[in-house]
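The structure that follows is given in the form of structure tokens.
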Amino acid sequence: MEIRLYNSKTKKKEIFHPVDEENVTMYVCGPTVYGSHHIGNARPAVVFDLLAKLLRNEYKNVTYARNITDVDDKIINAAIEQNVEISEITKKSTNQYHSDMKILNVEDPNKEPYATQFISEMVLFIEDLITKDNAYVSEGHVLFDINSYKSYGDLSSRDPKDMIAGSRVKVQDYKKNPLDFVLWKPSNENEIGWNSPWGRGRPGWHLECSTMILEIFGETIDIHGGGEDLRFPHHENECAQSFCRNDGKQLANFWLHNGMVQMADSKMSKSLGNILLIKDLLNDMPGEVIRLSLMSSHYRQPLKWSDDLVNQSKKTLNTFYSFLDQYEDIDITNINVNEEILSSLSDDINTPKAISVLHSMFKDLKKDPDNIELRSSFIKSANFMGLLFSKPRNWLIKEDSNVDTKVIDELIIERNRARQSKDFSVADDIRDKLLDMGVVLEDKNDITTWKKKND
RNA sequence: GGUUGGAUAACAUAAUGGUAAUGUAUAAGAUUGCAAAUCUUAGAAUGACGGUUCAAUUCCGUCUCUAACCUCCA
């Protein structure tokens, strides 16, 4: 199936063709590990997880790499503030990220390179840039000289002159041009650092991605993804340094950028303090609710996070699971994902469309509930999108919650006894009592089932 | 100030040069001892003004509002 993707570089939707059909390559900017992660961090993970699945469905070998930035000033600052070793911060944060992703049903990427594992390669990368006159040493720093790269600004569609004009770019006196960016910066004694030809120091942020892409994949990859806010300066700088290092080879053929998660009309960001941590959200809702919420709008659009959004996702999944709860589990191993779902996702990862297809499959399924083929295909397709992995019964009663199933079962028996003797006021009292406990009853034919109230 | 997007019913979200789809919510009915769930049906939308066109929500222009980036960000 033809995959079409909006390429930020050309600002057009293009048909995706890998350089090598036998080995498709994708790199996505992962987290900087210095704390807990918010839903804004989850969005690219979910989006590119879907894309990876789609690519794997189409091509034999897909290598998807998502990095971990484990050296950065923010990490250093966090370590100082908490008075602990840097490694303690990065380990904890990385573990948190992994468990968050798992609960969101985000599959592991094939490779997960850590910046600190590529320091010597980064040093070589810088040396090469210096040799080629694309970088210069100044006061212990090594800086990339943007004037040595004519296309600077192309990826993010901006003119360096405009940016300097009315902008907030701080002019450091060790820079030739205000937009020159740091490849290597000196470290104080109490800061993490590595020896280099320019003294003890650490790499600049942008360098790791270029270096790791070169080491893992080679000069040019098929797809490079990340948040819209990384387009400039991060990706622009990656482009610049890789282009120069690799003698004019493009770093990536397709650039994909996801829109920001917004809280009440403005971007969720740590500096604004309006963040929602994934681990906190997971106290109130299952991972699939977060995942469905994140997929409810197209990945390039901003996504407004709200209670309404979450409630709707909850409701949708509850409806699906309630239906499935009435039937036995089925083996879906050899079932195909619905073609219309695939074609929706193949059209620039159109998740809202795919979700609406899922709804229409569900509608058909309800009309023909014993149709095993339809049911398998529905579940398989939902699974493909990272949904409906729970056992329906577990989802509905949420066994991890603190309701006592024994007490509930006894009350249900008591109520049904009352109903049989037409003692309806007693029956209704029991139902109200259960409702107060957060339990909703459903009388279907002669059987009474229950589920947790959707709150 | 510069750059790039966005505006579709109550809310959220797709699509399209020619019946604007989907979910939630709402209303009516069926079902139910009452509910819940389910089923049937209904109402409800292309920001404003121009232009191109037989035809524009879609293409072009102007405006309004709004977001992101230009400093760390996903």
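Small disclaimer: the values here were computed from a predicted structure and weren't measured. Every chain is numbered from 1 and lettered A, B, ... according to where its sequence line falls, protein lines coming before strand lines.
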Please name all residues satisfying side chain to side chain contact (heavy atoms under 4.5 Å, CB included) with Arg231(A), sequence neighbours left out, ordered by chain then number.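 Side chain to side chain contact (heavy atoms under 4.5 Å, CB included) check on Arg231(A) returns Ser8(A), Lys11(A), Ser156(A), Ser157(A), Glu228(A), His257(A).
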
Could you pull out all residues at least two apart from Asn253(A) that satisfy side chain to side chain donor-acceptor pair (under 3.5 Å)? none

Choose from rC70(B), rA12(B), rA74(B) the nucleotide whose nearest atom is closest to any side-chain atom of Thr32(A). rA74(B)

Table of protein N/O atoms under 3.5 Å from nucleotides 37-42 of chain B N/O atoms:
unit_1	atom_1	unit_2	atom_2	d
rC39(B)	OP1	Lys366(A)	NZ	2.6

C1' atoms of rC70(B) and rU13(B), separation to the nearest Å: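 Straight-line distance between the two C1' atoms is 31 Å.
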
Identify the residue among Arg393(A), Glu288(A), Lys451(A) that makes a side-chain hydrogen bond (donor to acceptor under 3.5 Å, both in side chains) with Tyr321(A).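 For Tyr321(A), the side-chain hydrogen bond (donor to acceptor under 3.5 Å, both in side chains) check succeeds only for Glu288(A).
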
For the C1' atoms, the ones on rA45(B) and on rA12(B), what distance do you get once it is rounded to whole angstrom? 13 Å

Does the rA74(B) base have a donor-acceptor partner in the side chain of Arg43(A) within less than 3.5 Å?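 When only heavy-atom distances are counted, Arg43(A) does not reach the base of rA74(B) through any donor-acceptor pair under 3.5 Å.
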
So which atom in Ile39(A) and which in Leu294(A) form the shortest heavy-atom distance, rounded to 0.1 Å?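 The pair with the smallest heavy-atom distance is O-CD2, 4.1 Å.
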
Using the test salt bridge (charged side-chain N to carboxylate O under 4.0 Å, His left out), find all partners of Lys366(A) that sit at least two apart in sequence or belong to another chain. none

I'd like the P distance from rA14(B) over to rG6(B), given in whole Å.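 To the nearest whole Å, 12 Å.
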
Touch check for Val261(A), heavy atoms < 4.0 angstrom, all strands: base, sugar-phosphate only, or nothing? base

When you measure from the side chain of Leu309(A), which nucleotide among rA74(B), rA12(B), rA14(B) comes out closest? rA12(B)

Distances under 3.5 Å between protein N/O atoms and the N/O atoms of nucleotides 3-6 of chain B, please, pair by pair.
unit_1	atom_1	unit_2	atom_2	d
rU3(B)	O2'	Ser157(A)	O	2.6

Taking only heavy atoms on the protein side, list every residue of residues 287-298 of chain A lying under 4.0 Å from any atom of RNA chain B, sorted numerically.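 Here the set is Ser296(A), Ser297(A), His298(A).
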
From CG of Leu230(A) over to C1' of rC70(B), roughly how many Å is that when rounded to an integer? 14 Å

